[in-house]
Amino acid sequence: MSTTKKAIVDPDKCIGCNTCPLIDPDTFEMETTSYKAIVKPTAPPVNEKTEMACSSCPVNAISIVED
Ligand code: SF4
């Protein structure tokens with residue numbers, strides 16, 4: 001059985017740097033009032049761009065977890 005993975009953002013860590021939506025705009029967007037990154041409801045399965053965004057976050061706010 002295959003497992004799927006999803007990205008999650010810790011809003012307490014996110015500093016709103018806008019890096020993750022630039023790298024993976026299909027998965028991440030900035031929430032317009034808090035200006036913290038959120039995972040889109042329409043996000044595709046975790047892919048190379050998602051992993052790149054995760055590793056590029058300056059405060060390690062993004063985790064990739066089993067869905
Ligand atoms: S890269 Fe990290 S700090 Fe920057 S917006 Fe995304 S989650 Fe927030």
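All values below were derived from every heavy atom in this structure, side-chain atoms included, with hydrogens, water molecules and symmetry-related copies excluded. It should be emphasised that the depicted structure is a prediction, and the values quoted were computed from it without experimental measurement. In each ligand, atom 1 is the first atom listed, and ligand 1 is the first ligand listed.
Of the protein's heavy atoms, I15 N, 3.5 Å lies nearest to atom 3 (S) of ligand 1. Closest protein heavy atom to atom 8 (Fe) of ligand 1: C14 SG, 2.3 Å. The protein atom (non-hydrogen) at minimum distance from atom 6 (Fe) of ligand 1 is C20 SG, 2.3 Å.
Among the atoms of C57, an N, O or S atom is found under 2.8 Å from atom 2 (Fe) of ligand 1. Checking C17 against atom 4 (Fe) of ligand 1, an N/O/S atom falls under the 2.8 Å cut-off.
K40 places a side-chain N or O within 3.5 Å of a backbone atom of P25 that can act as its donor or acceptor partner.
The line from CG of L22 to NZ of K49 is 11.5 Å long, rounded to the nearest 0.5 Å. To the nearest 0.5 Å, atom SG of residue C54 and atom CD1 of residue I23 are 10.0 Å apart.
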Start with the C-alpha gap between K6 and I8, add the side-chain angles, then the distance that decides, and say whether side chain to side chain contact (heavy atoms under 4.5 Å, CB included) holds.
CA-CA 7 Å; K6 67 176 179 182; I8 54 173; 4.3 Å; yes
Working note: T33 + E31, criterion side-chain hydrogen bond (donor to acceptor under 3.5 Å, both in side chains); need CA distance, chi angles, decisive distance, verdict.
CA-CA 6 Å; T33 50; E31 205 283 319; 2.8 Å; yes
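Partner E51 forms a side chain to side chain contact (heavy atoms under 4.5 Å, CB included) with one of I64, D24, I62 and no other, that one being I64.
Only the backbone of N18 comes within contact range of ligand 1, with a heavy atom under 4.0 Å; no side-chain atom does.
Close approach of ligand 1 to V59 (heavy-atom distance below 4.0 Å) involves ligand atoms 3 (S). Residue A37 approaches ligand 1 through these ligand atoms, each under 4.0 Å from one of its heavy atoms: 5 (S), 6 (Fe), 7 (S).
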